[in-house]
Amino acid sequence: MSDGQFEKSFLPDSNHTRKKRLKKRPRVAVIVTVVLVALLVLGAVAGVLYWYFTDSTNADQSGEQSGKVVRIYSGHLNLPNAQYTRQLENPETTDFKELAEKLEQVINTSCKNLDELSSYFVNSRVFDYSAGSGLMAYYMAQFEIPMEHKDILHKFSEDALKGALRRTVEVRRSFEDKKLTITQMTSSLTNPDLVMIPEDRTCYHTYHAKDTDMTFTSPGFNKDGYPNNIHCQWVLRADTDHVIYLEFLDFNTDDDCGNDFVMVHDSLSPAEDDVITKKCGKRPSSKHLSLMSSGSVMLVTLLSDENERFKGFSANFSQRVKMRECGRTLTELSGNFSTPYYPTFYPPNMNCVWTIKVLPHLKIRIKIEMIRMEEPGTRHGECTKDYLDIDGERYCGDHPLISVKIERPEAVIEFHSDESHTDKGFIGYYKAFDPRNPCPGEFLCGSGFCISTDMRCDGWNDCGDMSDERQCDCERDQFTCDNGICKPKLWMCDRVNDCGDNSDEKACECPKDHWKCQNGMCISANQSCDGHKDCEDGSDEAVCTNGVNICTEFNYKCGDGSCVNKANAECDGTKDCEDGTDEANCVPQCGVRPFKQQRIVGGTSADLGEWPWQVSLHYGRLGHACGASIISDNWLISASHCFMDQYNDPSKWLAFGGMNFQGDPLAQIRRMKQIHKHQRYNEETYDYDIALIELEAPYDLLPKVHPICLPDTSHIFPTGMSCWVTGWGAMYEGGSKSMSLQKAEVKIINDTVCSVVTEGQVTSRMLCSGYLTGAIDACQGDSGGPLSCREENGKWFLAGIVSWGEGCARKNKPGIYSRVTKLREWIREVTKL
Ligand code: ARG
């Protein structure tokens with residue numbers, strides 16, 4: 001069913017809505033006497049009401065009583081006795097015209113016999129044909145209902161429509177000329193914006209698929225992107241008994257699906273019931289969208305609005321022999337089953353049944369790793385459209401992992417897809433087991449799964465229900481949580497609740513009447529702010545209100561030499577130094593996200609303008625190679641290791657600002673004037689991994705292109721603080737770069753722990769951030785990019801620069817960043833910032 005976006009009421013001269021009307025083609029009247037296709041029109045009822053009201057209320061409020069609702073229905077008619085010829089693909093041929101006229105007469109006549117509804121009927125058109133048990137003709141019928149007659153809409157009912165269709169087809173069979181016998185017809189609500197009649201075909205292409213790939217692209221794909229306000233169609237056909245496989249290689253359209261999207265139909269009419277999918281936004285090349293038709297035709301539509309321009313798409317298509325059946329009997333001890341063509345979108349109208357049958361003394365475990373069967377309009381938990389049925393239990397929508405234990409040696413699995421909206425589907429695995437010895441040589445989880453014995457008591461929830469982590473004898477280097485689980489001692493006091501009951505974080509506070517130094521040491525409370533540095537790092541004297549003007553490494557030193565006894569006083573919007581130097585040295589407006597008021601491994605796509613200081617550095621024809629951050633209109637900060645050897649040539653680099661998706665035509669591109677690598681950068685240890693880049697011309701600072709604040713040397717980013725790493729780097733170790741900017745939340749890790757887990761490889765110019773449990777981290781290609789931390793005053797500071805790590809997102813191997821506070825003086829020397 002529709003997602004309700006498309007039905008519009010058409011107000012006179014409303015210029016924000018694309019208008020679509022059927023143009024009348026002058027033609028000879030051919031009289032066809034039989035009433036058919038009555039109520040062609042009524043379709044799709046329930047959804048009709050809500051969109052109607054949304055738009056009609058607008059009209060009422062604006063006093064536009066003369067407005068009307070345009071409603072279009074489309075579908076196909078099946079003529080089993082007619083022959084399909086290539087002539088019928090061309091609307092200029094006599095064959096096309098003659099048949100269209102006859103069918104339109106039939107449709108018109110029946111629409112005019114629709115009693116109450118007939119007066120709203122405007123016209124009908126047959127606009128295309130395809131082969132398929134004789135001939136398929138694609139048509140649409142247009143109705144216009146004046147606002148003041150809106151009550152008539154309540155009279156539509158799907159059952160009435162179905163009944164009328166059946167009756168008229170029966171009547172017709174008995175006395176019509178054989179060639180025009182219609183045996184099947186569909187009719188469904190259609191977005192008027194999607195309808196294209198032959199006279200409208202300015203951006204229209206038709207192709208016949210082959211067994212090998214053919215390609216098409218949206219207009220302007222390799223140039224400025226597709227124009228505003230276009231409507232393009234690609235008609236794809238295949239031989240009979242074949243289906244069409246379509247794969248979008250590049251996909252870059254507006255994020256807002258409202259009036260800018262790509263739609264694929266399992267028919268040549270753009271009816272709601274035949275939608276395979278509707279997509280907008282961007283897709284990384286690592287996540288191709290691939291789809292299948294259920295029959296030998298497919299319709300691809302691109303619609304754009306008047307906003308920004310986008311690159312568009314390129315797509316490959318080919319034909320495949322139609323899968324006649326899917327599903328079978330599975331008798332092996334283990335095996336798998338999946339939706340047809342997985343992970344390509346499954347075709348509409350499929351039914352597969354797998355029967356698992358194993359030896360009578362065995363039982364069965366079934367695991368489905370991911371189910372993707374989202375269909376707009378279905379209510380959660382209601383699996384009436386596409387579904388997977390495992391032994392009587394139905395699943396639909398999206399699910400991460402499903403595991404089912406069948407207490408019998410037999411199970412029936414069924415997959416069903418209806419005629420509209422398809423998705424990736426699923427792949428499932430099964431394994432037979434002997435209930436007397438369910439996990440030979442392995443550990444039996446509470447969930448019925450088996451895992452390798454060495455996964456037991458390793459601090460990881462491998463079973464999924466924690467059963468492998470209970471009743472463990474903790475090792476010497478492990479901490480025993482209050483709930484009996486063992487966790488590596490290193491994970492204690494990292495402000496991450498690893499135990500699940502927070503017991504690993506409880507013992508970290510200093511005893512009562514004690515003060516906790518920045519490095520974790522405890523001192524007696526009265527030693528803080530007594531004018532003496534009692535903590536090794538002096539943090540006990542940093543934030544004192546008693547006027548003792550102590551300068552520790554945690555205090556901001558004003559221009560006049562005095563110190564501010566307040567944490568992170570610089571650039572916080574409050575004048576703390578008498579001479580105002582704490583605010584005077586900031587890049588104006590740094591660290592705010594004007595656009596957003598309110599790869600990274602394990603991250604998610606960033607929103608446009610969310611990280612306005614993030615820059616993508618492209619090297620020659622290599623494309624994106626490193627990240628960087630904007631610190632002023634003409635200075636970027638990045639990592640030294642990005643610019644070694646031949647990469648040291650500033651003329652080979654381009655800096656893309658204001659970009660979210662690689663290839664965004666709206667990015668601000670700048671050349672580099674000079675690359676300043678830190679003179680002490682050590683290629684072996686990555687010490688001093690920082691570089692400053694002077695741009696040939698400054699960026700235009702806009703909401704989407706904006707500097708981040710540099711922290712003063714005294715700035716504290718405490719252990720456990722949540723910061724964000726962003727970049728276009730690999731999505732997993734060894735993976736490919738991401739097309740869209742990724743973000744991940746990471747935590748600042750305690751320096752001692754950092755040193756232990758890196759076996760002493762970190763220097764004071766480095767800091768660790770991420771999770772000791774792994775799974776979330778920066779990765780190859782993120783280097784040089786920012787580790788951004790938000791301070792309480794809402795401003796973002798650059799705590800680190802992505803530098804190195806052992807692999808990506810590995811357990812006990814967090815990301816290592818260049819520590820900006822320690823390199824702040826050098827930044828000032830080079831940039832004067
Ligand atoms: N050196 C890498 C690069 O050039 C960055 C690696 C960061 N690794 C990590 N696990 N955090 O992109």
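Every number for a ligand or one of its atoms is a count from 1 in the order of the listing.
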Contact check, R810 vs ligand 1, heavy-atom distance below 4.0 Å: no
Residue-ligand contact G807/ligand 1, heavy atom below 4.0 Å: yes
Under-2.5 Å SG separation for cysteines C517, C535: yes
Distance-only N or O hit between ligand 1 and Y686, under 3.5 Å: no
Part of K813 within contact of ligand 1 (heavy atoms, under 4.0 Å): neither
More than 12 heavy atoms from other groups under 6.0 Å of NZ on K367: no
Under 3.5 Å: N/O of G781 near N/O of ligand 1: yes
Contact check, G727 vs ligand 1, heavy-atom distance below 4.0 Å: no
Candidate pair R819 and D751, rule salt bridge (Lys or Arg N to Asp or Glu O under 4.0 Å), full reasoning: CA-CA 12 Å; R819 189 188 288 267; D751 294 336; 2.9 Å; yes
Aromatic ring pairing Y686/Y681, orientation class (parallel under 30°, perpendicular over 60°, tilted between): perpendicular
Atom indices of ligand 1, in the order listed, that fall short of 4.0 Å to a heavy atom of D777: 9 (C), 10 (N), 11 (N)
Residue, atom name and distance, where the atom is the protein heavy atom closest to atom 9 (C) of ligand 1: A778 O, 3.3 Å
Interfacing atoms of ligand 1 (cut-off 4.0 Å, heavy-atom, G815): 11 (N)
SG-SG under 2.5 Å, C499 vs C481: yes
K704 atom NZ: more than 12 heavy-atom contacts under 6.0 Å: yes
Separation of SG atoms, C457 and C474, below 2.5 Å: no
Ligand-residue contact atoms, ligand 1 with S803, heavy atoms, under 4.0 Å: 1 (N), 2 (C), 5 (C)
Atoms of ligand 1 close to C779 [distance to a heavy atom under 4.0 angstrom, numbered from 1]: 5 (C), 12 (O)
More than 12 heavy atoms of other groups within 6.0 Å of K822 NZ: no
Taking atom 6 (C) of ligand 1 as the reference point, the nearest protein heavy atom with its distance: Q780 NE2, 3.7 Å
D782: numbered ligand 1 atoms lying under 4.0 Å from its heavy atoms: 12 (O)
Heteroatom proximity flag, S783 to ligand 1, N/O under 3.5 Å: yes
Cys pair C586, C709: SG separation below 2.5 Å: no
